[in-house]
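Below, read A as the first sequence line, B as the second, and so on, with proteins coming before strands; counting in each chain starts at 1. Computed from a predicted structure; not experimentally measured.
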Amino acid sequence: MKKMILIDGNSIMFRAYYATAYPGAKLMQTGQGIYTNALFAFVGMFEKIITEDTTNALVAFDTKEPTKRHEVYKEYKAGRIKMPEELAMQIPLINQYIELTGVPIYSKAGYEADDIIGTMAKRCAKDGYHVEIYSSDRDLLQLVDDRITVNLLKKGMREVARFDPKTLFETYQLTHEQMIDLKALMGDTSDNIPGIPGVGEKTAVKLLQEYETLENVLEHKDEIKGKLGERIKEHEELAKLSKQLVTIDVDADIECQISDLEKGEVKTSELITFFQNLELHVFVKKMEEPTAKMESWEYKVIEDEHELGKILKPELAIHFELSDYNYHKAELWGVGITDGKHHYFLSPDFALTSINFQMYLSDESIKKFTYDYKAAKVFLLWQNMEFNNVVFDLLLSAYLINSHLGKEEFKRIVSNFDYEDILYDDVIYGKGAKKGLPEKEIYERHIASKAKAIFELRDPLLKQLKEQEQLHLLNDLEIPLSEVLAEMEYSGLLVDQNELKIQGKDLKERLETLEKEIHELAGITFNVSSPKQLGEILFEKLELPHGKKTKTGYSTNVEVLNDLQKHHPIIEKILDYRQLSKLHSTYIEGVRQNLFEDGKVHTIYMQALTTTGRLSSLDPNLQNIPIRTEEGRKIRKLFIPEENKYLLGSDYSQIELRVLADMANVKGLIEAFNHHEDIHTKTAQEVFHVDEVNSEQRRAAKAVNFGIIYGIGAWSLSEDINVTPKEAQAFIDQYLSIYPEIKDYMENIVNFAKENKYVETIMKRRRYIPELESPVYTQRSFGERTALNAPIQGSAADILKKAMVDLYQYLKKNKKQSKLILQVHDELILEVPESELEEMKEVVPKMMSKAIQLKVELETSCDVGTNWYELK
DNA sequence: TGTGTCACG
DNA sequence: ACGTACGTGACACAC
């Protein structure tokens, strides 16, 4: 039988909006602040309804105009809350989406979507179609018959309840005709339909089971006893009016024809662009799947040394496809190679055993292009192979052009440069537990296609880098840094396994004791690690005064707990428990899980991830090892140098403030720094007009100095230094009058950002700030703070990176055994043999200080120890 | 998978 | 009326 799908657009749209706009939810938005939550949920539902084999369908919408129902009953739908602005803004998007799917849309002034659906349903059923209606409005159940099925969306939108005459009767013990009378009797608050006051669903069903129809109920009204009978007699007219209102018009005067309901072609490429623009990437991925790319190019599988020998030459793009993001333990899935004209695939076995290939990759005089040089280089180091003289890295280049791209996957990066001949990794390999290799031809081609993309994007990206004056940044900073980081990661950091065991055992025991004590004090056992359970115990069972609440319950963070210390002895224990369990699970267990057979941890420095230009570290994160509390700091004893070596650490003193002093040309700061004054004390002296600064004053001055770097606000500063927002504001004003150049800088940089849509660092690293154009205040304010902070944080990152490259080259040139092993944003840690200790104590801090020439000196400190704990 | 929490610069 | 400092990563829990 021919199938016709009729969709109640309004009803589904509302359901889509409210499914994702529950109280406290943060509505989904694009970077520009366009709301997309309703669209997102609508598409999800729509895709389930409209499938590839749908041939006939219609989406019906209401219009704003009054309807016939308003004419007979002016209170119709009165009191209904206005459509939220956030939803109204999405209606054009939803319409646009439907149009792109090829499904016809219809609406007509004076008619509700219900009436359009009712009328078309009957017409189609008469014409021999089987009709499937989709809505979340139970009113439509009156349309059910042998040829019309109504599907009601359930709450989570995950499933639908399907009603045909049989299931309808099973569910309500009523026929479809009786559904109308049911509503007429009980009314409907959401549409402001009165029904008979005092009659609800239960009573209405009972009446209909006895008398079958509303008319028959009214006819026999005198038989009905008691209050109910009185009410029916009294409100007979209301019931009749209600019936008129709830009856769907199945013969509406609409010019929509069955022939108009043919589904058109999906406008695939436009739809992809639509989703891309609205940052709904999940749907973009789904679209890519069935639209396999035009196979307008061929690749060749290279299987022997002879063939390989013929294709190896300078300036090939080479892509190593690895099974896992953690390349220290990943396996190779294949290698893609291209010279721009011919494209090749190498199997993992061949690539890793070929002598020709090994020689080629390690050759320092042959230039190569790749994507994620560091990943390939480290992977190959584990295979005892080298990868040298890479002069173009697609990942790093894209990251420099727009630092937001670094977080994206290969496909999304290249598609940003309008290169579309690439599929998503998810689509090829699956994801999560299901990740694996598909058919040979599919993944070989995918891997070769990546090499092709690297090659073809090289020229345009280099051109753009040149225009943005960033070639230096790529060639002399990021690519050399990849080599430095590769060696650091591969070298790894040795862990004292005995210390790990001792600290682990100690922490475990103390945690068990604390847990028991906490349970005793609470008078009940519960999971102390569960913020939910803890909140209930503290604020309901123990009735402690609760502070702020979170989305899901009571807040139990350190701040809240500290304020509760005096109320109950349990709090101190909980704070201890929290601290120790953090140390145990994140650091002791974290390190243990990431230990390699060589007794070391091999972190991964993400070189193209942060939007500011900093590195980040993972598996394990070695950039957040505790130091602020003595208890936590002991974790640093786990990390030791190799035998007969020392750890040497050197860090910049207040590099970000110095960068600010330089970039904003702040006379007062420059002078203070160059006289080696304590900058916070100096600031306090100026701000408070005193010679002798007390610790409170210094703390406040320090908070402002920091706050300035983050794009300070009076409110947050007041929280930080415990004064009223007004006092904090006065404090900031005073600060800015002492350092007027900072005030100018703040204004200038925000204006620059608004004009150019980006800000840049000393070394021309860019960060685009789309939030500045957002209509949403919080987004825009965030953009302004970012404009202030990114150049400072980013320049400091540039400088340390430069120092790393300089130092690495020095060590290499002078054939030193000392090597860099850690970078923590403003400090470097090296492993140094005793014989080089004295030299390195000189060289390392000096190279860091001289990495760049600023208007202020870059001071550095230097410490040596036999474990990380001993540094500083 | 999202949330709360907390470790670092 | 509203928000309420920049940049990260990891863990446990709850759904």
- Hey, what's the ring geometry for A:Tyr758 with A:Phe752, parallel, tilted or perpendicular (30° and 60° as the breaks)? perpendicular

- Item | Options C:dT8, B:dT1, C:dT4, nucleotide nearest the side-chain atoms of A:Leu609 | C:dT8

- Message: Tell me whether the side-chain N or O atoms of A:Gln623 pair up with the base of B:dC8 as donor and acceptor below 3.5 Å, since no angle test is needed here.
- Response: no

- Task: Assign the ring pair A:Trp868 / A:Phe639 to parallel, tilted or perpendicular, where the plane angle (0 to 90°) is split at 30° and 60°.
- Result: perpendicular

- Query: Between atom CG in A:Leu615 and atom C1' in C:dG9, what is the gap in whole Å?
  - Reply: 14 Å

- A:Arg578 side-chain N/O to B:dT5 phosphate OP1/OP2 under 4.0 Å: no

- Task: Over 60° means perpendicular and under 30° means parallel, so classify the ring planes of A:Phe596 and A:His328, tilted if in between.
- Result: perpendicular

- Item | Other residues, nucleotides, ligands: >12 heavy atoms within 6.0 Å of A:Glu559 CD | no

- Watson-Crick or G-U stems of DNA chain C, 3 or more pairs, under 3.5 Å, by first number: B:1-9 with C:6-14

- Within 6.0 Å of NZ in A:Lys637, more than 12 heavy atoms from elsewhere: yes

- Side-chain N or O of A:Arg628 less than 4.0 angstrom from OP1 or OP2 on B:dA7? no

- Query: For A:Ser555, which contact category applies under a 4.0 Å heavy-atom criterion: base, sugar-phosphate, or nothing?
  - Reply: sugar-phosphate

- Got a donor-acceptor pair under 3.5 Å from the side chain of A:Arg767 to the base of C:dG7? no

- Query: Just checking A:Phe706: base, sugar-phosphate only, or nothing, at a heavy-atom cut-off of under 4.0 Å?
  - Reply: nothing

- Task: Would you check if there is a donor-acceptor pair between the side chains of A:Gln579 and A:Thr629 at a distance under 3.5 Å?
- Result: yes

- Using a cut-off of 6.0 Å, state whether more than 12 heavy atoms not belonging to A:Lys600 lie near its atom NZ. yes

- Task: Please work out if A:Leu788 contacts a base, only the sugar-phosphate, or nothing of the nucleic acid, heavy-atom cut-off 4.0 Å.
- Result: nothing

- Between C:dT4 and B:dT3, how far apart are the P atoms? Round to whole Å, please. 15 Å

- Query: Is there a donor on the side chain of A:Asp720 or the base of C:dA5 sitting less than 3.5 Å from an acceptor on the other?
  - Reply: yes

- Note on the structure: A:Asp651 CG to B:dC8 P, in whole Å, measures 15 Å

- Would you kindly give the CD-to-P distance between A:Glu827 and B:dG9, to the nearest whole Å? 7 Å

- How would you label the contact of A:Ile625 with the nucleic acid (heavy atoms, under 4.0 Å): base, sugar-phosphate, or nothing? sugar-phosphate

- Output yes when a side-chain donor or acceptor of A:Thr603 lies under 3.5 Å from a complementary backbone atom of A:Pro620, and no otherwise. yes

- Message: Using whole Å, what does the distance between atom P of nucleotide C:dT4 and atom CG of A:Asn722 come to?
- Response: 19 Å

- Take atom NE2 of A:His584 and atom P of B:dC6, then tell me their distance rounded to the nearest Å. 18 Å

- How close or far is atom P of C:dG9 from atom CG of A:Leu583, stated in whole angstroms? 20 Å

- C:dC2 and B:dT5: how far apart are their P atoms, nearest whole angstrom? 23 Å

- Query: Which letters describe nucleotides 10-15 of chain C, given B = protein heavy atom under 4.0 Å from base, S = only from sugar-phosphate, - = neither?
  - Reply: BSSSSS

- Query: How many Å lie between CZ on A:Arg633 and P on B:dC6, as a whole number?
  - Reply: 22 Å

- Message: Any side-chain N or O of A:Lys407 below 4.0 angstrom from OP1/OP2 of C:dG9?
- Response: no

- Message: Looking at A:Arg785, I'd like to know whether one of its side-chain N or O atoms comes within less than 4.0 Å of OP1 or OP2 on C:dC6.
- Response: yes

- Item | Parallel, tilted or perpendicular, as decided by the 30° and 60° cut-offs, for the rings of A:Phe40 and A:Phe283 | tilted

- C:dC6 phosphate, OP1 or OP2: any side-chain N/O from A:Thr786 under 4.0 angstrom? no

- Message: Can you measure A:Leu638 atom CG to B:dC8 atom P for me and round it to whole angstrom units?
- Response: 14 Å

- Report which part of the nucleic acid A:Ser781 touches: base, sugar-phosphate, or nothing (heavy-atom distance under 4.0 Å, all strands). nothing

- Query: Do A:Arg766 and A:Leu400 come within less than 4.5 Å of each other through their side chains, counting heavy atoms only?
  - Reply: no

- Query: For A:Ser403, does its backbone N or O pair with a side-chain atom of A:Thr611 as donor and acceptor, under 3.5 Å?
  - Reply: no

